[in-house]
2 protein chains.
Amino acid sequence: MPSVTQAVEDYLKAIWRLSHEGGERVSVGDIASELKVSAPSVTSMVRKLKTMRLLNYERYGGVTLTPRGRKIALEIVRHHRLWELYLYMRLGVPLELVDGEAERLEHVLSDDMEELLTRNLGDPTHDPHGDPIPSKTGALAPVEGIALGQLETGTHAIVARVSDRNPEKLRYLVSLGLLPGARIEVEEKAPFRGPLTVRIGGRRHVVGADLANLVIVRGAPAASRSKGARLGPGVPPRSGKPRGKRR
Amino acid sequence: MPSVTQAVEDYLKAIWRLSHEGGERVSVGDIASELKVSAPSVTSMVRKLKTMRLLNYERYGGVTLTPRGRKIALEIVRHHRLWELYLYMRLGVPLELVDGEAERLEHVLSDDMEELLTRNLGDPTHDPHGDPIPSKTGALAPVEGIALGQLETGTHAIVARVSDRNPEKLRYLVSLGLLPGARIEVEEKAPFRGPLTVRIGGRRHVVGADLANLVIVRGAPAASRSKGARLGPGVPPRSGKPRGKRR
DNA sequence: CTAAAAAGTTAGCCATATCTAATTCTGCGT
DNA sequence: ACGCAGAATTAGATATGGCTAACTTTTTAG
């Protein structure tokens with residue numbers, strides 16, 4: 001019986017991501033471009049994953065994850081986002097680089113280590129991009145909020161999430177200060193998907209509609225609940241308790 | 001031209017380790033048992049590594065690393081030991097588990113991350129077992145000291161290094177408190193490779209000769225230079241500087 | 001409704017890294 | 001000096017994952 005290799009993990013994660021964002025049913029072509037492999041590679045891997053009962057698949061029919069497949073996918077996503085947060089908070093890895101590093105580390109996280117990371121971070125709920133970290137049981141908090149591009153002139157909001165799909169764009173957004181937790185105000189919004197003029201931390205920036213829609217915000221009445229813990233690197237870490245002998 | 005895969009890294013590291021401990025020239029059989037693969041696997045990989053100019057090899061003649069091969073091997077060893085120290089100091093991973101975790105992490109450490117790890121640890125020179133961490137240029141400090149089993153009755157010493165080859169034994173040594181930095185006194189040494197009675201942190205233990213020779217110690221006159229920085233987990237970490245935009 | 005475009009699949013191949021079984025060296029002991 | 005045991009190599013097979021080229025099915029547009 002085939003085992004869960006790194007390739008298997010990559011496929012499951014990609015399929016999960018696509019079905020999470022797009023529809024339930026995922027096409028071979030989408031998987032191929034997500035993973036940057038050829039379509040035939042996807043077909044053959046998908047047939048293998050079917051025999052492993054990790055997904056449902058019929059010829060020409062697209063794929064959906066089975067519960068077992070989703071469970072593994074969410075484990076990987078959990079690993080990925082835990083590493084992202086850890087690298088950002090404890091090692092000061094720049095936000096734009098965090099995804100790439102976690103991409104490799106996600107496959108290398110034992111249960112023991114996962115436990116230590118989690119504790120060290122204080123049972124975190126969100127990664128530094130604002131995406132929710134799946135719980136160990138596979139529960140995933142919904143991303144609440146609306147795209148920045150939807151806001152009307154005069155609105156105040158707090159950034160909840162910044163897409164990390166494109167490192168270049170992310171780098172730019174970060175340079176504007178548009179990262180999770182930031183307070184912003186829409187000073188002006190040009191009509192017809194036009195650019196927004198936003199005020200961030202005292203400075204004014206003009207942001208194109210495409211870029212603005214990578215940013216998810218939630219409403220910010222005068223004082224916002226800071227329940228979600230302000231994110232940011234450089235917070236004094238606590239180390240895991242030194243332990244003596246253990247069983 | 002073949003690339004440096006994880007398997008290549010594993011072979012180079014194994015060969016380096018064997019030639020470091022045994023002689024310059026390493027046999028196919030030793031590599032096979034070090035990596036727990038069959039001899040034919042080693043032969044074929046070694047032929048490949050030769051074409052990559054990472055080692056010297058003649059049929060039936062054993063192998064030696066070329067400078068290029070050694071450089072890569074030392075990079076991996078550096079990664080391994082940096083991760084070991086980081087996990088031990090900052091995440092509280094128990095000493096007996098640190099090697100296994102690092103075994104997987106060593107292949108996943110970008111230059112950027114290596115830099116951050118190094119800085120976070122304050123340019124460390126030794127891993128938590130007491131082994132020296134190769135410098136980025138490939139320089140490796142010698143392990144100074146003698147085996148604990150060599151000490152005579154009445155001698156005082158400080159543990160410099162504890163072998164991590166056997167996790168079971170290591171776990172036991174750790175449970176005795178026999179870890180790098182510990183002060184010990186030999187209360188009695190039985191003749192003919194007999195067991196030692198040692199005093200460690202106020203408690204007395206009897207240690208067999210085999211076990212005792214996994215421990216390397218250096219002399220401990222009344223006050224020892226604590227130049228080598230006392231090792232131990234739970235030291236307050238400092239996080240990498242948050243950085244803004246960067247080139 | 002049908003033909004072309006797009007998407008997906010099959011066929012066949014390559015590279016990596018492993019293994020077992022069979023064969024060939026090497027070097028040691030008598 | 002010679003045979004033999006042990007080490008190493010060759011031969012040949014397997015598993016994983018990826019690719020291109022050619023073919024089939026589905027979808028879409030006129």
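Per chain, numbering begins at 1; letters A, B, ... match sequence-line order.
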Please state whether the phosphate of C/dT16, meaning OP1 or OP2, lies under 4.0 angstrom from any side-chain nitrogen or oxygen of B/Thr5.
no

Expressed in angstrom and rounded to an integer, what is the separation of A/Tyr57 atom OH from C/dA7 atom P?
16 Å

How is B/Ala39 classified with respect to the nucleic acid when contacts are heavy atoms under 4.0 Å: base, sugar-phosphate, or nothing?
base

Which label fits B/Tyr86 and B/Trp83: parallel for a plane angle under 30°, tilted from 30 to 60°, or perpendicular past 60°?
perpendicular

Nearest whole angstrom, please: distance from the P of C/dC19 to the CE of B/Met45.
11 Å

Distance-only polar pair, side chains of A/Asp99 and A/His129, donor-acceptor under 3.5 Å:
no

Check whether any side-chain nitrogen or oxygen of A/Arg59 sits under 4.0 Å from OP1 or OP2 of C/dT10, and answer yes or no.
yes

Which whole-number value in Å describes the distance from B/Glu58 CD to C/dT24 C1'?
17 Å

Do B/Glu106 and B/His80 have a side chain donor and acceptor closer than 3.5 Å?
yes

Rounding to an integer number of Å, can you tell me how far A/Leu35 CG sits from D/dG18 P?
8 Å

Could you check how far OH of B/Tyr11 sits from P of C/dA17, rounded to whole Å?
9 Å

Between P of C/dA15 and CG of B/Leu49, the distance in whole Å:
17 Å

Look at all strands and tell whether B/Ser44 reaches a base, only sugar-phosphate, or nothing, counting heavy atoms closer than 4.0 Å.
base

Closest non-hydrogen contact found for B/Ala141 with B/Pro132 is O-CG, 3.0 Å

So does A/Ser38 get a side-chain nitrogen or oxygen closer than 4.0 Å to the phosphate oxygens (OP1/OP2) of D/dG18?
no

Only one of A/Glu114, A/Glu9, A/Glu84 forms a salt bridge (charged side-chain N to carboxylate O under 4.0 Å, His left out) with A/Arg78, so which one is it?
A/Glu114

Residue whose closest nucleotide on DNA chain D lies nearer the 5' end, B/Val28 versus A/Val37
B/Val28

Given atom OH of A/Tyr60 and atom P of C/dG8, what is their separation to the nearest angstrom?
10 Å

Whole angstroms only, please: what is the CD1-P distance between B/Ile31 and C/dT18?
12 Å

A/Thr43 side-chain N/O to C/dT10 phosphate OP1/OP2 under 4.0 Å
no

Is A/Ser41 close enough to D/dC19 that one of its side-chain N or O atoms is under 4.0 Å from OP1 or OP2 there?
yes

